[in-house]
Amino acid sequence: MAAGCVKVFPKFVLSSFLVLLSALLVQIRAYKPIIIIHGIFDHASTFDNFSVAIKKAHPGTNVTIIDEYTELFSLYPMWEQVRGFQKTMAPIMQQAKDGVHIICYSQGGLICRGVLESMDDHNVDTFISLSSPLMGQYGDTEYLKYVFPHYLKENLYKVAYTSYGQDISISNYWNDPHHQDLYKENSVFLAVLNNQTAKNDKSKEYKNNFLKLKKLVLIGGPDDGVITPWQSSHFGFYDDNETVVEMKEQEVYQRDYFGLKTMDARGDVTTYEIPGVQHLNWHKNLTVFNDYIEKWLT
Ligand SMILES: *[C@@H]1O[C@H](CO)[C@@H](O)[C@H](O)[C@H]1NC(C)=O
Ligand SMILES: *[C@@H]1O[C@H](CO)[C@@H](O)[C@H](O)[C@H]1NC(C)=O
Ligand SMILES: *[C@@H]1O[C@H](CO)[C@@H](O)[C@H](O)[C@H]1NC(C)=O
Ligand SMILES: *[C@@H]1O[C@H](CO)[C@@H](O)[C@H](O)[C@H]1NC(C)=O
Ligand SMILES: *[C@@H]1O[C@H](CO)[C@@H](O)[C@H](O)[C@H]1NC(C)=O
């Protein structure tokens with residue numbers, strides 16, 4: 001009788017211990033789900049290797065690369081894309097009790113800003129912006145030549161800031177430093193996100209929603225070659241003399257138009273300036289992933 005008890009007791013203790021241990025391991029291994037948003041003229045599969053790198057570093061991570069608004073469809077108006085991506089992101093967020101991380105590349109970074117500001121029940125923990133023109137774009141690129149073959153940066157404002165121009169994504173974040181009045185009057189996307197137009201009666205709501213974000217990670221660098229000025233990836237931009245003015249000197253920051261200053265004061269904005277990476281390589285370069293991204297994905 002006594003001997004039986006001795007045998008049963010340790011088994012019970014052992015199995016309780018194992019249950020506890022596996023619960024702890026699940027706890028440790030429960031990396032937050034990750035949602036990836038691609039860039040212009042792009043699609044999900046260019047992130048395949050990146051996704052493999054995430055899963056290798058953090059086994060068990062649920063990574064979703066949203067394959068919508070790909071290739072030419074990436075020229076659809078930004079708000080329409082924001083609504084579409086948001087529809088796909090919402091159920092992933094709902095399943096994730098502890099929140100999700102989002103990694104948004106190039107134009108995708110602006111789509112993520114749109115989602116974060118307009119969605120009042122998002123649960124994004126960390127937003128990693130991978131070389132995204134967060135304060136807009138003002139430069140001649142192959143992309144621009146393709147969409148507007150008859151325009152150069154100096155005169156694109158003539159079409160970008162019209163109602164038909166605003167039906168094309170690039171125009172939605174075209175930020176011409178020499179035509180700021182037209183930009184503020186006609187940009188239905190970036191000027192609204194930045195609260196640089198009097199037209200957004202939801203600006204306080206947008207700011208509150210943005211501030212629900214826990215961490216903001218801004219990645220960009222001088223050899224990007226597409227984002228112009230490249231400092232737009234860090235919320236810097238040209239003044240009317242085409243001199244780059246850094247984030248903290250921007251009016252939208254100083255007047256805290258959408259919460260950036262508050263978030264920075266909270267200590268939740270991290271900026272990485274990484275040389276040697278061209279625009280199409282940010283999500284292909286494993287050093288970038290290992291040194292600047294992996295640590296945020298817990
Ligand atoms: C993934 O990596 C392999 C091997 O380095 C490379 O051949 C392939 O082009 C990469 N795929 C993408 C989509 O970058
Ligand atoms: C990943 O998350 C999505 C959305 O929550 C879910 O539908 C899917 O089943 C998950 N995949 C795995 C392998 O857990
Ligand atoms: C404009 O830029 C030029 C050179 O690029 C510089 O000499 C000048 O001081 C700048 N003016 C202002 C007002 O910043
Ligand atoms: C947005 O700008 C308007 C002025 O155009 C201002 O009244 C409003 O308070 C601003 N909103 C935020 C959140 O700063
Ligand atoms: C990869 O990134 C590192 C910085 O992390 C950079 O020095 C290097 O030049 C990059 N290589 C390519 C091919 O992008």
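Only heavy atoms go into these numbers, but all of them, side chains included; no hydrogens, no water, no symmetry mates. Read the numbers this way: they start at 1 and go in the same order the structure lists the ligands and their atoms.
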Which of these, Ile35, Leu134, Ile37, sits in a side chain to side chain contact (heavy atoms under 4.5 Å, CB included) with Cys112? Ile37
For a side chain to side chain contact (heavy atoms under 4.5 Å, CB included) with Tyr161, tell me which candidate from Asp181, Asp176, Leu156 qualifies. Asp176
Check the pair Lys199 / Glu185 against side-chain contact (heavy atoms from CB on, under 4.5 Å), numbers first and verdict last. CA-CA 9 Å; Lys199 286 178 190 160; Glu185 182 65 23; 3.8 Å; yes
Check: His283 ring centre within less than 6.0 Å of Phe50 ring centre: no
Considering distance alone, does some N or O of Thr197 sit under 3.5 Å from an N or O of ligand 4? no
Starting from atom 11 (N) of ligand 5, locate the nearest protein heavy atom and write down its residue, its atom name and how far away it is, to 0.1 Å. Asn285 ND2, 2.9 Å
When only distance counts, is Ile274 in polar contact with ligand 5, meaning an N/O pair under 3.5 Å? no
Under 3.5 Å, is there a donor-acceptor pair between the Trp282 and Asp224 side chains? yes
How far is atom 14 (O) of ligand 2 from the closest protein heavy atom, and which atom is that? Asn62 ND2, 3.4 Å
Mark the output for Asp291 as yes if a heavy-atom distance to ligand 5 is under 4.0 Å, and as no if none is. no
Going by the atom numbers of ligand 4, which of them fall below 4.0 Å from some non-hydrogen atom of Tyr257? 12 (C), 13 (C), 14 (O)
Does Thr287, backbone or side chain, put an N or O under 3.5 Å from an N or O of ligand 5? no
For Asp125 and Asp98: C-alpha separation, side-chain torsions, deciding distance, then whether side-chain contact (heavy atoms from CB on, under 4.5 Å) applies. CA-CA 8 Å; Asp125 184 286; Asp98 298 325; over 6 Å; no
Looking only at non-hydrogen atoms, the one of Asn281, Ile219, Leu280 nearest atom 13 (C) of ligand 5 is Asn281
Just distances here: any N/O of Arg255 and N/O of ligand 4 closer than 3.5 Å? no
Looking only at protein heavy atoms, which one is nearest to atom 4 (C) of ligand 2, and how far off is it? Ile92 CG1, 3.9 Å
Given the ring of Phe258, does Arg113 sit roughly above its face, with NZ or CZ under 6.0 Å from the centre of the six-membered ring and within 45° of the axis? yes
Can you see whether Glu68 engages Thr88 through a side-chain donor-acceptor pair at a distance of less than 3.5 angstrom? yes
Is Asp48 close to Ile65 at the side-chain level, that is, under 4.5 Å between some pair of heavy atoms? yes
For atom 6 (C) of ligand 5, the protein heavy atom that lies nearest, with its residue and separation: Pro275 O, 3.7 Å
Heavy-atom protein neighbour under 4.0 angstrom from atom 9 (O) of ligand 4: yes
Sub-3.5 Å N/O-N/O distance, Lys207 and ligand 4: no
Can you confirm whether the side chains of His43 and Asp67 place a donor and an acceptor under 3.5 Å from each other? no
Give me the nearest non-hydrogen protein atom to atom 3 (C) of ligand 4 as residue plus atom name, then the distance to 0.1 Å. Asn195 ND2, 3.8 Å
Can you pull out the closest protein heavy atom to atom 5 (O) of ligand 2? Residue, atom name and distance to 0.1 Å, please. Gln95 CG, 3.2 Å
